[in-house]
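What follows is a set of notes on a single structure, which appears directly below.
To find a chain, count down the sequence lines: A is the first, B the second, and so on, and within it residues start at 1.
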Protein chains: 2
Amino acid sequence: MKNAISILRRYDIQPTPQRIAVVEYVLKSKTHPSADDVLSHARKKCPTVSRATVYNTLNLLVEKGLLGMQTIKEGAVIFDSNIKKHHHFVDSDTGDIYDIPWDQLEVKGREKLKDFEVFEFQVIMRGRRKKK
Amino acid sequence: MKNAISILRRYDIQPTPQRIAVVEYVLKSKTHPSADDVLSHARKKCPTVSRATVYNTLNLLVEKGLLGMQTIKEGAVIFDSNIKKHHHFVDSDTGDIYDIPWDQLEVKGREKLKDFEVFEFQVIMRGRRKKK
DNA sequence: ATATTTATTTAGACAATGTCAAGACTAAAT
DNA sequence: ATTTAGTCTTGACATTGTCTAAATAAATAT
Ligand SMILES: [Mn+2]
Ligand SMILES: [Mn+2]
Ligand SMILES: [Zn+2]
Ligand SMILES: [Zn+2]
C-alpha cells in the first residue's frame, strides 16, 4: 500500500492522525476486518481514536470507492481492501474469508434472467481450506 | 405448504401454538423475512409469542434442516423457506431478495481451486428488477 | 498574530439484533 | 397429588451501527 497521507489527499480527504491510522490498517489488511477489528488496530497507532470516527472514516472510504464493504458473515459488515471484482471463500471452521480471483470462476447464464438487470455479482463459497 | 403440525411432528418438534404460528408464516413465506418480520407476523396468530421463542424456533428449524438462513443483507440474518440449492438476486432499490433457480446459472472453474474444499456455493447478484 | 469560520473528533445516547438465564407455565408421567 | 421434563416469557446483557451536541483542531481572514 502506498503512503496513507497521499492516498487520502488524492481522494480529497483531509489526512488526520485518526484517518491515517484507520487507512494504514484497513487498506493493507487482507483479512476482511470488521469495524471493530479496525477500531482496535487503529488504536495501536492512535490510542484516542473513537468508535464514531472509525465508522465515519470507513463509510467515507467506501463512498469514495477506496474500500469495499461486504455482508458475508452474520453479525457485522466486513471491509475489503481489494476493490477489484473478485469472489469469496469462507472457511466454515475459522470464519476466515479468502479472495478468489475474478477469472478463476466463470458464471454463465445471466443473460437468461429476463426479469433482472444485474449490476454486479459474485460467487460466495463455503467450505474448508486445505492445509498446505 | 403442508400442515404445520404434521411438519413439526415429522421433525420431532412438539407442536405448540407459538411454534405453529412461526412455522405457518416462515415456511410459506417467499420474501426471505428477518426474525423481526417473523415475530410480527407470528403475533397475528399468537399475540403473546415472545421474541426469545421466535428466535429459539427459527434456530431449531434451521438446525433440523427445515429452514435456510442467509447473510445477504446487512443488519439482520434472513430466513429462507426454499431449502433447495438456489442463487439469489437482491434488488438494490427495494432490498427485496429473489430466488434464482439453481440450473439457471452455471459456475465453472471450482476444480481449479486447489487450496479449498468447497462444501457449498451460490451466486449473489445485485441490480434492479425489471418492471413487468 | 489574533479572531473567525469551518472541519473534525469525541463521548454518550439511542435503536436494533441476537443470546441467555431465571422463573412461570404446561403437560405428561408416577 | 407430586414430580418431572419441556416450553415459554421477561428482562438483562453484549454487540453493531447511527446520531447529536460539545469540544478540538485546522484553515482563513483581518
Ligand atoms: Mn473479525
Ligand atoms: Mn424484512
Ligand atoms: Zn475480498
Ligand atoms: Zn432463497
* Asked: Closest to the A/Asn59 side chain: D/dT18, D/dG17, C/dT9?
  -> D/dT18
* Taking only N and O in the side chain of A/Thr16, is any of them less than 4.0 Å away from OP1 or OP2 of C/dT9? -> yes
* Please determine, for the side chain of A/Ala52, which listed nucleotide (C/dG12, C/dT8, D/dT9) has the closest atom? => C/dG12
* Would B/Arg129 and B/Tyr98 count as a side-chain contact (heavy atoms from CB on, under 4.5 Å) if you check the C-alpha gap in whole Å, the side-chain angles of each, and the deciding distance to 0.1 Å? -> CA-CA 9 Å; B/Arg129 183 167 189 242; B/Tyr98 298 93; 3.2 Å; yes
* Structure fact -> Side-chain contact check for B/Val77: nearest option of D/dT7, C/dG18, D/dT9 is C/dG18
* Structure fact -> Correct closest heavy-atom pair for B/Ser34 and B/Ala76 would be CB-CB, 4.3 Å
* May I have the distance from A/Ile5 (atom CD1) to D/dA26 (atom P), rounded to whole angstrom? => 13 Å
* Asked: Between atom CD in B/Glu74 and atom P in C/dA16, what is the gap in whole Å?
  -> 15 Å
* Asked: Between A/Ser50 and C/dA11, is there a side-chain N or O to OP1/OP2 distance below 4.0 Å?
  -> no
* CG of A/Asp12 versus C1' of D/dA26: gap in Å, rounded? -> 17 Å
* Please work out if B/Ser34 contacts a base, only the sugar-phosphate, or nothing of the nucleic acid, heavy-atom cut-off 4.0 Å. => nothing
* Options D/dG17, C/dT10, C/dT17, nucleotide nearest the side-chain atoms of B/Tyr55 -> C/dT17
* In whole angstrom, what separates A/Glu63's CD from D/dT18's C1'? -> 14 Å
* Asked: Pick the nucleotide of DNA chain C nearest each of A/Thr57 and B/Ala35; which residue has the one closer to the 5' end?
  -> A/Thr57
* Asked: To the nearest angstrom, how far is B/Asn56 atom CG from C/dA21 atom P?
  -> 12 Å
* To do: Please answer: with hydrophobic residues joined when any side-chain heavy atoms are less than 4.5 Å apart, are B/Met125 and A/Phe119 in the same cluster?
  => no
* Asked: When you measure from the side chain of A/Arg51, which nucleotide among C/dT10, D/dC8, D/dT16 comes out closest?
  -> D/dT16
* Could you check which of C/dT9, C/dT17, D/dT10 has an atom nearest any side-chain atom of B/Asp36? => C/dT17
* Taking only N and O in the side chain of A/Gln14, is any of them less than 4.0 Å away from OP1 or OP2 of C/dA7? -> no
* Nearest-angstrom distance from the residue atom CZ of B/Arg19 to C1' of D/dC8 -> 9 Å
* Is any side-chain N of the basic residue among B/Glu117 and A/Arg128 closer than 4.0 Å to the acidic one's carboxylate O? -> yes
* Asked: In whole angstroms, how far is the C1' atom of D/dT18 from the CG atom of A/Leu60?
  -> 16 Å
* Structure fact -> Shortest non-hydrogen pair, B/Asp93 vs B/Asp91, comes out as N-OD1, 2.8 Å
* According to a strict under-4.0 Å criterion, is B/Thr48 in side-chain N/O contact with OP1 or OP2 of D/dT9? -> yes
* Structure fact -> When rounded to whole Å, the CD to P distance for the pair A/Gln18 and C/dA7 reads 17 Å
